[in-house]
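Each remark here refers to the structure printed beneath this line.
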Amino acid sequence: MHGPPLIGWLLVALCAATGGYCLLQMRGEPPGPGRRIAGAEALMGWGMAVMAVPSTVLDPRPWGPPAFAAVFAVAAVRALLPVPHGAGLPGHRLHHAVGALAMVYMALAMMVGTTGGHHHTGETAPGRMAGGVPLLTGVLLVYFAVYVVRSGLRLVPMTDGAVDGAGCVPPGGGGTADWSRRPELRHACRLSMGVGMFAMLLTV
């Protein structure tokens, strides 16, 4: 997206690390809703990482934006499909859908925002917006800002409990599966993706 390359690479590192942890979480989950949610979050993390790569290194046009839009449109529809009772919280699935649609929106903004050599540095096309619809961008920014604050507030008591119980881990109970299923790490990853999404939307 737009912005200094350093910010882009920081976003790449953050989102790739989050996507990698979600893959570990998916590996540690039994087949069912938990694994599907972890898979959706891994897709979101890696998709954000690829989209955040500075255009001086990788300009995804013309094939990239349509591919992003198609993949995340499918992800949004899948998140909104009816599921069996108890297969994931409705609010969490709705958040996945909003995140996927935000990715579609940013991909479309990449397609129409500029002309010339790179999306990030090209001149604005006559009669076209510089990135996206300001009102929609603002609504998404408010949504993810609120999500980040709420996630941070929910994470504080979890981390306190994790520190208090750090000395109570039974022998042999510190494997990869245990780390991948710790609730405070899951929430930290979701918080990280919310921060990344907010930062990327600022560049639209």
Side-chain angles (χ1 to χ4, degrees), residues 1-20 22 39-81 92-151 189-204:
M1 307 303 285
H2 304 280
L6 176 60
I7 301 299
W9 285 120
L10 289 174
L11 282 172
V12 170
L14 175 69
C15 297
T18 302
C22 291
E41 290 174 342
L43 174 66
M44 182 68 68
W46 284 105
M48 291 170 63
V50 173
M51 189 178 281
V53 174
S55 64
T56 53
V57 176
L58 174 66
D59 185 357
R61 296 179 307 155
W63 54 267
F68 278 124
V71 168
F72 285 100
V74 171
V77 171
R78 189 169 183 269
L80 293 173
L81 288 176
H92 194 61
R93 289 188 286 109
L94 181 60
H95 172 70
H96 278 184
V98 172
L101 291 173
M103 293 290 284
V104 173
Y105 170 63
M106 288 189 287
L108 295 176
M110 290 172 69
M111 284 193 288
V112 303
T114 58
T115 59
H118 291 299
H119 167 65
H120 311 271
T121 58
E123 296 296 325
T124 302
R128 291 185 175 181
M129 295 176 291
V133 182
L135 179 59
L136 181 54
T137 302
V139 170
L140 289 170
L141 283 170
V142 170
Y143 173 83
F144 283 102
V146 172
Y147 178 81
V148 166
V149 172
R150 287 187 60 191
S151 296
C189 282
R190 291 166 184 168
L191 173 63
S192 298
M193 280 197 287
V195 171
M197 188 70 75
F198 183 86
M200 291 174 70
L201 283 165
L202 284 175
T203 69
V204 173

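Computed from a prediction, not measured in an experiment: that's the story for all the values here. The chain is numbered in sequence order, starting from 1.
- Contact annotation: the side chain of Pro66 approaches that of Met111 to within less than 4.5 Å [non-hydrogen atoms, C-beta and beyond].
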Criterion side chain to side chain contact (heavy atoms under 4.5 Å, CB included) on Phe68 and Leu108, from CA distance to verdict
CA-CA 9 Å; Phe68 278 124; Leu108 295 176; over 6 Å; no

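- Between Trp46 and Thr18 there is no side-chain heavy-atom pair separated by less than 4.5 Å.
- Listed here is the closest heavy atom pair of Leu11 and Gly196: CD2-CA, 3.8 Å.
- Put simply, CG on Leu10 and CG on Leu14 are 8.5 Å apart, with the number rounded to the nearest 0.5 Å.
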Pair His96-Met44, side chain to side chain contact (heavy atoms under 4.5 Å, CB included): steps then yes or no
CA-CA 9 Å; His96 278 184; Met44 182 68 68; over 6 Å; no

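- Summarising the geometry, atom CZ belonging to Arg78 is positioned 9.5 Å from atom CG belonging to Leu43; distances are rounded to the nearest 0.5 Å.
- Contact detail for Gly45 and Met193: the closest heavy-atom pair is N-SD, 3.7 Å.
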For His95 and Tyr143, what are the C-alpha separation, side-chain angles and deciding distance, and is it a ring-ring contact (aromatic ring centres under 6.0 Å, His included)?
CA-CA 10 Å; His95 172 70; Tyr143 173 83; 5.8 Å; yes

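- Residues passing the side-chain hydrogen bond (donor to acceptor under 3.5 Å, both in side chains) test with Ser151: none are found, sequence neighbours excluded.
- Between the CE atom in Met106 and the CE atom in Met48 there is a gap of 6.5 Å [rounded to 0.5 Å].
- The shortest non-hydrogen separation linking Ala79 to Ala97 is CB-N, 3.9 Å.
- In terms of modelled atom types and a separation under 3.5 Å, the side chain of Tyr105 and the main chain of Val133 share a donor-acceptor contact.
- The shortest non-hydrogen separation linking Val204 to Ala109 is CG1-CB, 4.0 Å.
- Residue Ala49 comes nearest to Cys15 through the heavy atom pair N-CB, 3.6 Å, listed as atom of the first residue, atom of the second, then distance.
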Side chain to side chain contact (heavy atoms under 4.5 Å, CB included) between Tyr147 and Leu191, worked out:
CA-CA 8 Å; Tyr147 178 81; Leu191 173 63; over 6 Å; no

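- Under the 4.5 Å side-chain criterion, counting only non-hydrogen atoms from C-beta, Thr137 is not in contact with Leu202.
- Under the rule for a side chain to side chain contact (heavy atoms under 4.5 Å, CB included), the partners of Ala102 that lie at least two apart in sequence or sit in another chain are Leu140, Phe144, Met197.
- Taking every heavy atom of both residues into account, Ala107 and Ala69 meet most closely at CB-N, 3.8 Å.
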